[in-house]
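To find a chain, count down the sequence lines: A is the first, B the second, and so on, and within it residues start at 1.
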Amino acid sequence: MTGKSVGGFKRARPDASLRFDPEALGLREFPREFFRRDTTRVAQEILGAWFARRYRNEWFGARIVETEAYLGTVDAAAHSWRGRRTPRVEPMYQDGGHLYVFFVYGMHHCANVVTRPAGTAEAVLLRAAEGFAETPAKLLSGPGRLCAGLGITAEFSGFDLLSGGDLRLFKGSADNARIGTSRRIGVDYAGEASGWLLRFFIRDSPAVSGPARLNRQ
DNA sequence: CACATGATCGCCT
DNA sequence: GGCGATCATGTGG
């Protein structure tokens with residue numbers, strides 16, 4: 001038996017090209033109140049922020065370049081639609097700044113940052129991120145790849161990003177003029193909600209995922 | 001670039 | 001039992 005296992009998932013190592021030093025870059029964490037605000041705003045303002053993970057005392061991270069907002073009980077595309085509250089979805093009801101990670105299609109993980117105060121169930125899906133010069137542009141392009149590249153699995157669902165632990169979000173931003181908008185990807189089953197313009201991305205980033213026609217506006 | 005398909009399994013009804 | 005907040009690969013234009 002090798003490696004530590006929690007909740008059935010082996011701890012995965014982040015991609016080596018993502019190693020960095022948050023302290024040397026002078027990065028500061030977002031305060032709790034940043035995450036307790038309107039989910040759509042958080043989804044936009046989290047673009048450019050650093051999603052970072054500590055693994056064996058080394059930091060790995062990347063800048064978020066694509067997100068989607070999921071608006072809780074009234075959003076047919078959200079796991080919390082109609083107030084669904086099962087063990088899997090429970091982290092969505094936690095205070096802003098927690099993580100909600102789920103497993104889909106039998107092989108991929110998706111990571112969300114929970115928003116608004118405890119008791120609500122909204123979140124921002126992290127869809128893509130940019131690494132460094134030596135990082136392949138597509139390594140973190142798409143929610144599944146983003147989790148794979150950073151080694152994020154369901155063991156981190158419910159993790160508090162402001163606990164001073166191994167997963168954190170450091171401040172960073174993008175020019176409003178560079179932010180594009182579109183409907184969300186992969187939620188065609190959600191009726192009217194599938195057309196809501198809740199996907200945001202940094203236009204000129206090569207790491208943005210999705211079909212080209214959704215990346216124009 | 002668009003579209004189609006298979007892989008694969010935890011979660012919910 | 002059915003179906004995903006996905007991805008890689010294949011085809012065709």
Self-check item: Rounded distance (Å) that lies between atom C1' of C/dG4 and atom CZ of A/Arg84
Solution: 10 Å

Quiz item: To the nearest 0.5 Å, how far apart are CD1 in A/Ile46 and OG1 in A/Thr67?
Solution: 7.5 Å

Practice problem: Assess the side chains of A/Tyr100 and A/His79: does a donor N or O sit below 3.5 Å from an acceptor N or O? | Solution: yes

Quiz item: B/dC12 phosphate, OP1 or OP2: any side-chain N/O from A/Arg88 under 4.0 angstrom?
Solution: yes

Quiz item: Under the 6.0 Å and 45° cation-pi test, does A/Arg37 pair with A/Phe34?
Solution: yes

Quiz item: Where the side chain of A/Tyr189 is concerned, which of C/dA8, C/dA5, B/dC3 is the nearest nucleotide?
Solution: C/dA5

Quiz item: Looking at A/Arg53, A/Arg56, A/Arg54, which one forms a side chain to side chain donor-acceptor pair (under 3.5 Å) with A/Asp166?
Solution: A/Arg54

Quiz item: Has A/Arg127 got a side-chain N or O lying under 4.0 Å from the OP1 or OP2 atom of C/dT6?
Solution: yes

Exercise. Select base, sugar-phosphate, or nothing to describe what A/Ala77 touches, counting heavy atoms under 4.0 Å on all strands.
Key: base

Quiz prompt | A/Tyr70-C/dA5 aromatic stacking (under 5.5 Å, under 30°) | solution = yes

Quiz item: Does B/dC11 have OP1 or OP2 sitting under 4.0 Å from an N or O in the side chain of A/Thr86?
Solution: no

Quiz item: What base-paired stems does DNA chain C take part in, with at least 3 consecutive Watson-Crick or G-U wobble pairs and both distances under 3.5 Å?
Solution: B:1-7 with C:6-12, B:9-12 with C:1-4

Quiz item: Knowing that exactly one of A/Asp95, A/Thr39, A/Thr40 qualifies, which makes a side chain to side chain donor-acceptor pair (under 3.5 Å) with A/Thr115?
Solution: A/Thr39

Practice problem: Write down the distance between NZ (A/Lys138) and C1' (C/dA8), rounded to a whole number of angstrom. | Solution: 9 Å

